[in-house]
Structures are given as structure tokens and as C-alpha cells.
Amino acid sequence: MESLLFWSSIDPTLDLEVISLAIDFYNTLGLENLSVSLNSIGCKICRPDFKKVLIDFVKLKIEKFCGDCQRRLDYNPLRIFDCKKKTCQLEIKNAPLILDFLCKVCDEHFRRLKKMLENLKINFQVNPYLVRGLDYYAKTVFEIISSSLGAQNSLCGGGRYDNLIEELGGKSAPAVGFALGIERVILVLEKEGNFPAPLNLDFFLIVLIEEAENLALTILRDLRKNSFSIERDYLKRNFKGQLKQADRLKVKFSLIIGEDELKKGKLTLKNMQSGIQEEIPLENLADNLKLKLKK
Ligand SMILES: [Zn+2]
Ligand SMILES: [Zn+2]
């Protein structure tokens with residue numbers, strides 16, 4: 001806990017780093033057309049005043065809001081901004097906005113964050129209707145939006161969790177972060193035509209006898225640790241079926257373990273293009289295979 005507190009800070013530079021980390025992560029995966037939707041929802045000092053004004057506003061037209069929003073008014077009025085019902089969305093557009101109620105500290109925090117995003121040329125839009133329903137959020141809230149998605153266009157959501165650790169029973173410690181869903185990433189990659197091609201595998205491991213199972217698992221682990229990409233059969237296919245699978249995966253080499261190989265402490269290495277086979281000792285396997293791949 002002490003080491004966590006050591007890194008804990010209210011500096012908006014950390015908000016910036018977390019937002020740019022999320023953007024960089026998506027860019028590395030090949031996602032395009034991203035932007036940041038950004039807001040500040042204030043702190044324990046300035047938010048209560050805003051909540052009062054918001055509650056008064058909603059109460060004036062309470063019958064225009066849905067049942068869920070009417071209940072939200074008592075325990076979490078900010079969530080009304082999140083309501084997906086058309087009528088509620090229409091009414092809330094005229095509501096007072098939290099950005100007009102920020103205290104000096106929150107206002108300065110938001111101003112600095114926006115400035116840094118501009119400096120780094122990170123595409124963002126202030127969305128004064130963006131909220132996160134949970135009470136542990138403070139100041140910054142953000143979503144990363146993909147214009148390749150339809151109405152459900154948010155890839156991840158996050159912000160400052162300044163009240164979270166204390167609410168969980170820890171010491172008061174500011175924090176910032178985000179949560180993301182991997183399914184939306186896959187959707188965007190497919191829509192943008194950037195879904196990665198299957199890996200170019202180095203090896204396919206063909207296991208011919210049950211007794212070689214333990215050795216097979218050791219080989220897989222050892223070669224993966226040495227940065228080789230290697231796959232094997234998990235459907236108990238016969239020899240022919242496993243060779244076919246290796247062909248389908250377009251591997252350069254197959255590694256074969258059968259009864260003979262197990263006895264000799266060797267593997268058979270089959271070049272899938274030329275069909276040439278040779279024996280490779282199990283000892284220093286990774287090093288021997290490195291040499292083979294270089295050829
Ligand atoms: Zn504040
Ligand atoms: Zn509603």
C-alpha cells in the first residue's frame with residue numbers, strides 16, 4: 001500500500017498519460033478514427049452544489065422523465081445524463097451543466113489537461129453531458145470513441161478514481177485509470193478491414209503417441225519462452241490430419257515426436273516446403289532451431 005501511495009498524485013499530467021496510453025494501445029492494434037470524449041464531473045466540494053441545482057431542474061418537469069430517471073433522482077441524479085430514452089435525452093439537454101459549477105481546483109485541473117491534450121495533438125471533444133455513474137469518480141471522466149462504430153461507439157471509459165481507495169477502506173489516495181471491452185476492439189478492426197492476418201508460425205508440433213504428451217508440453221513452453229511461435233494439435237488428429245493442419249497454418253517447419261524420436265531423445269524436423277526431414281537432438285533444442293530458421 002505504501003508503494004502505491006508513493007505514486008499517487010492529483011496531477012493532471014497523469015490523466016493525460018492514462019488517456020494517451022489508451023489511444024496508443026488502440027493505435028498499436030491498428031484502430032483508426034478515434035477521438036476522446038472528455039468532461040469533468042467535479043469533486044466532493046463542488047459536485048454537491050451542482051447536484052442540488054440539477055435535482056431542482058429535473059423536479060420541475062419530473063413527469064417528462066422515465067421511471068428509472070425518477071428513481072435516479074434520489075440516489076444518483078448524474079446518471080440521468082446517461083439515460084438512453086429519447087424523451088429523457090431531450091429534456092436533459094437543457095439542464096444546468098457541471099462545467100459551470102466546478103470549483104477553482106477542478107477548473108484548473110480541467111484547463112491544464114485540455115492544454116496538454118492540445119499540445120500532444122490528441123483529438124478530443126469536451127462533452128458536458130458525459131458522466132460516469134459511480135461516486136468514486138472525481139474530476140476527469142473520458143471515453144475513447146470510434147467513429148467506425150454505430151450508436152454504441154465507446155471503446156473504453158475511465159477517469160479519476162480519487163475516492164475509490166478510500167471507499168474500499170484504504171487510505172485516501174488519488175488514482176486514475178480506465179476499463180475497456182475487447183469485443184468492441186474486434187468489431188472496429190473488422191469494420192475498418194484491419195483485422196490482423198493469422199500469425200506466421202515458426203513451427204507446428206506433431207505428437208504421435210500419448211507417452212510423448214509431457215515432453216510435448218515442455219517443448220511448447222520452452223520454445224515459446226525463447227520467442228518462437230509454435231502451435232500443436234488439440235483435437236487428437238492422426239498423423240495425416242496434423243500434417244494437414246500444419247499446411248493450413250502455413251508453418252515453415254513441423255516438429256514430429258513419435259515412438260522412435262522419444263527413444264532416441266530426438267525430434268524430426270520437417271521442412272514443409274521442400275519436404276526434407278532431419279533429426280534434431282532435444283538437447284539445446286531452442287539454439288538448434290534458431291540456426292535452422294536463419295537458413
Ligand atoms: Zn471541485
Ligand atoms: Zn430516463
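Residue numbers run from 1 in the order of the sequence given. In listed order, ligands and their atoms are each counted from 1.
Using a 4.5 Å cut-off on side-chain heavy atoms (C-beta onward), Leu31 and Phe25 make no contact. You'll find the side chain of Asn39 reaches within 4.5 Å of the side chain of Ile98, heavy atoms only. Counting heavy atoms from C-beta outward, Leu215 and Leu282 have side chains that approach closer than 4.5 Å. Using a 4.5 Å heavy-atom threshold, the side chains of Ser40 and His109 count as separate.
A side-chain N or O of Thr13 and one of Asp11 form a donor-acceptor pair less than 3.5 Å apart. A donor-acceptor pair shorter than 3.5 Å can be found between the side chains of Thr140 and Asp15.
Below 30°, between 30° and 60°, or above 60°: for Tyr137 and Tyr161 the angle between ring planes is above 60°, a perpendicular geometry.
Below the 2.8 Å limit, the Zn ion (ligand 1) has as protein N, O or S neighbours Cys43 SG, Cys46 SG, Cys103 SG, Cys106 SG. Near the Zn ion (ligand 2), less than 2.8 Å away, sit the protein N, O or S atoms Cys66 SG, Cys69 SG, Cys83 SG, Cys88 SG.
Taking the ring centre of Phe253 as origin, the terminal cationic atom of Lys270 falls outside the region bounded by 6.0 Å and 45° from the ring axis.
Each of Leu130, Leu117, Ile122 was scored for a side-chain contact (heavy atoms from CB on, under 4.5 Å) with Leu38, with one residue passing: Leu117.
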